[in-house]
Amino acid sequence: DTAVSQTPKYLVTQMGNDKSIKCEQNLGHDTMYWYKQDSKKFLKIMFSYNNKELIINETVPNRFSPKSPDKAHLNLHINSLELGDSAVYFCASSQGLEGSTYFGPGTRLTVL
Amino acid sequence: GIQVEQSPPDLILQEGANSTLRCNFSDSVNNLQWFHQNPWGQLINLFYIPSGTKQNGRLSATTVATERYSLLYISSSQTTDSGVYFCAVPYSGAGSYQLTFGKGTKLSVIP
């Protein structure tokens, strides 16, 4: 069984479009995250949710909005996509803020 | 925030060789995690190791929290060990919490 899953795996879109990436975890964790990995492989946290409450919000553009319908899901919605948004986006989860972190397979977003 | 430095940045090994990767961090931490990102991009949690030593097959990790470093040992390396190895530590401050990652060690194991 896949512990943390994301869809889609690849996303190619035009500038200005709106897109969403879905994430689900079946580990029973209470904390979920979105990370962005740039072309140099640097991983930076974007958002985290603990028990459906946003607990951190890094200085990302407000075009990015996380949505958590329940504890097992954390979706990422992006408005007005820009070229610089091209990256790999990873969803992750953990039990509590300091538990072991497990990552989804990543979504490679390419903005043309 | 906390600084995490990994060394070496790149490493090339002949299959069967052993290696040690290092992770230094600038402040005291409650835990440390090691991850492997394989050539297909998947990030795999290797160890959750706030202190002491853990072993998993050919891999082992040691964290000396008082001296602010952790080591990842890979013995009898195989081509499937290739990829990027990251260490990450939690940082909380100014009402935020995040895992801060090092820049990684890129390992290439050649047959």
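Just so we're on the same page: letters track the sequence lines, and every chain starts at 1.
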Can you tell me if K54(B) uses its side chain to pair, donor with acceptor, with the backbone of Y48(B) under 3.5 Å? yes
With distance as the sole test, does S26(B) use its side chain to make a donor-acceptor pair with the main-chain N or O of I2(B) at under 3.5 Å? no
Need one label for F35(B): side chain, backbone, both or neither, based on atoms under 4.5 Å from any heavy atom in chain A. side chain
Exam field: side chain N75(A) to backbone C23(A), donor-acceptor pair closer than 3.5 Å: yes
Identify the two heavy atoms, one from H29(A) and one from S94(A), that lie closest to each other, and give their separation to 0.1 Å. CB-O, 3.1 Å
Flag, side chain of Q6(A) to backbone of C91(A), donor-acceptor distance under 3.5 Å: yes
Assess the side chains of S75(B) and N18(B): does a donor N or O sit below 3.5 Å from an acceptor N or O? no
More than 12 non-hydrogen atoms from neighbouring residues, nucleotides or ligands closer than 6.0 Å to CD1 on I12(B), yes or no? no
Return the option, out of L99(B), V84(B), T100(B), with the maximum number of heavy-atom pairs under 4.5 Å with chain A. L99(B)
What I'd like to find out is whether the side chain of Q95(A) reaches to under 4.5 Å of the side chain of D30(A), using heavy atoms alone. yes
What parts of residues 77-87 of chain A touch chain B if we use heavy atoms and a cut-off under 4.5 Å? none
E15(B) atom CD, neighbour heavy-atom count above 12 within 6.0 Å: yes
Identify the residues of residues 34-41 of chain A whose heavy atoms come closer than 4.5 Å to a heavy atom of chain B, ordered by number, or report 'none'. Y35(A), Q37(A), K41(A)
Would you call the rings of Y85(B) and H36(B) parallel, tilted or perpendicular, taking 30° and 60° as the class edges? parallel
